[in-house]
Amino acid sequence: MGVCTCRPGATVWLTGLPSSGKSTIGNSLAELLRADSRRVEVLDGDENRALLSAGLGFSRADRCVNVQRVGLVAEVLARNGVIAVVPVIAPYADSRAAVRKRHEQSSTPYIEVHVATPLKVCAGRDVKGLYARQREGEISGLTGVDDPYEPPPAPDLRVDAHLQSIEESAEMVYELLLARGVTRR
C-alpha cells in the first residue's frame, strides 16, 4: 500500500453581514492557498443558494437547512484534503455550531472567521443592491436589518475588513492556517 501524501484539508467559514467582504476575502485567500499548491474550493453563498439549496426560502428553518447542506459539502471536501473556503452569512449561531460539531466528529479542522464589517459600512457598499431594495420595501428579511444576525461570540479569527485591505484580511486568515498547521509556506 502506498503512503498518502495528501496534506490536511480544512473548512474556513467566513461569516458576516451581506456586503461585509466575505467573498472577496475568500477568493483572495484561495489565491494565496493555490500559490502554495493547495487544493481549494470556494463554496460561494449565491451559487449554493441557486443550486444546492434551490427552492429554499429565507425563513429561519430554510436558512438553517442551507447552512447544513453547505456545511456537509465543506466537511466532505475538507476531510479529503481540500481547503473549503465558505463565504456564507450563516446568520444563526446554532447552525454554525452544528457545522463545527460535524467537523469535530470527523476530526476535520474547522475555522470560523467573523468578517466584522459594521452594518453602516455594509449598507454603504451594498454590492448587490440588497440594502437599497430593503429600504424601498422591495424585499424583507435582510440579514442584519430586519432579520437577525448573531455574530460569533468567540470566532477563531475576527477580521475588521473595513479597516484594512482585502489582501491584509486574507493574509490574516492565511497566517491562522499556517499557525494551525493546515498549510505551510
Side-chain angles (χ1 to χ4, degrees), residues 10-36 38 40-53 58 63 66-67 69-71 73-74 77-78 82-93 95-97 99-100 109-135 139 141-180 182-183:
T11 293
V12 179
W13 198 291
L14 298 139
T15 180
L17 295 170
S19 297
S20 62
K22 299 177 301 299
S23 293
T24 308
I25 294 167
N27 287 320
S28 183
L29 173 63
E31 288 177 26
L32 291 172
L33 291 165
R34 286 182 185 119
D36 285 344
R38 291 307 314 261
V40 180
E41 287 294 331
V42 178
L43 301 178
D44 178 73
D46 291 336
E47 191 173 289
N48 289 314
R49 270 279 180 186
L51 300 171
L52 186 63
S53 294
F58 290 91
R63 289 175 191 254
N66 177 57
V67 168
R69 287 178 181 176
V70 176
V73 172
L77 288 168
V82 176
I83 298 178
V85 178
V86 187
V88 172
I89 296 170
Y92 300 109
S95 290
R96 294 189 308 267
V99 171
R100 181 183 291 275
Y110 176 84
I111 296 164
E112 183 178 68
V113 178
H114 181 205
V115 181
T117 307
L119 178 61
K120 187 172 184 171
V121 175
C122 294
R125 290 177 180 169
D126 203 7
V127 176
K128 298 174 190 166
L130 297 174
Y131 293 96
R133 291 178 58 209
Q134 190 275 336
R135 279 191 305 274
I139 62 170
L142 182 59
T143 302
V145 178
D146 58 356
D147 210 56
Y149 176 72
E150 300 170 353
D156 296 292
L157 180 66
R158 176 187 162 104
V159 175
D160 293 311
H162 60 293
L163 300 177
Q164 59 196 20
S165 72
I166 294 300
E167 294 77 19
E168 290 168 324
S169 296
E171 185 66 31
M172 284 179 68
V173 181
Y174 182 83
E175 291 294 328
L176 179 59
L177 294 175
L178 284 171
R180 299 265 176 103
V182 172
T183 195

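Values below: all heavy atoms of this structure, side chains included; hydrogens, waters and symmetry mates excluded.
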Nearest-0.5 Å distance, [atom1] of residue [X] to [atom2] of residue [Y]:
X	Y	atom1	atom2	value
I111	T11	CD1	OG1	9.0 Å
R133	I139	CZ	CD1	5.0 Å
T143	R63	OG1	CZ	3.5 Å
N48	R69	CG	CZ	10.5 Å
E167	E31	CD	CD	9.0 Å
L142	F58	CG	CZ	10.0 Å

Quick one: closest heavy-atom pair of [X] and [Y], and the distance?
X	Y	answer
A74	V86	CB-CG2, 3.9 Å
P152	T15	CG-CG2, 3.8 Å
P148	P91	O-CB, 3.5 Å

Between [X] (side chain) and [Y] (backbone), is there a donor-acceptor pair under 3.5 Å?
X	Y	result
S28	T24	no
K22	L17	yes
S19	V127	yes
R34	V40	yes
R96	A90	yes
Y131	P18	yes

Is any side-chain N of the basic residue among [X] and [Y] closer than 4.0 Å to the acidic one's carboxylate O?
X	Y	value
D44	R49	no
D126	K128	no
D146	R135	no

In the structure I gave you, are the side-chain heavy atoms of [X] and [Y] within less than 4.5 Å of one another anywhere?
X	Y	result
E47	V42	no
L29	V12	yes
L33	L177	yes
Y92	V67	no
C122	T117	yes
H114	P151	yes
V113	P155	no

Hey, mind stepping through L43 and V85 against side-chain contact (heavy atoms from CB on, under 4.5 Å) and telling me if it holds? CA-CA 6 Å; L43 301 178; V85 178; over 6 Å; no
Worked check of salt bridge (Lys or Arg N to Asp or Glu O under 4.0 Å) between R158 and D160: CA-CA 7 Å; R158 176 187 162 104; D160 293 311; 3.1 Å; yes
Test side-chain contact (heavy atoms from CB on, under 4.5 Å) applied to L14 and P87, S23, S20, the passing residue: P87
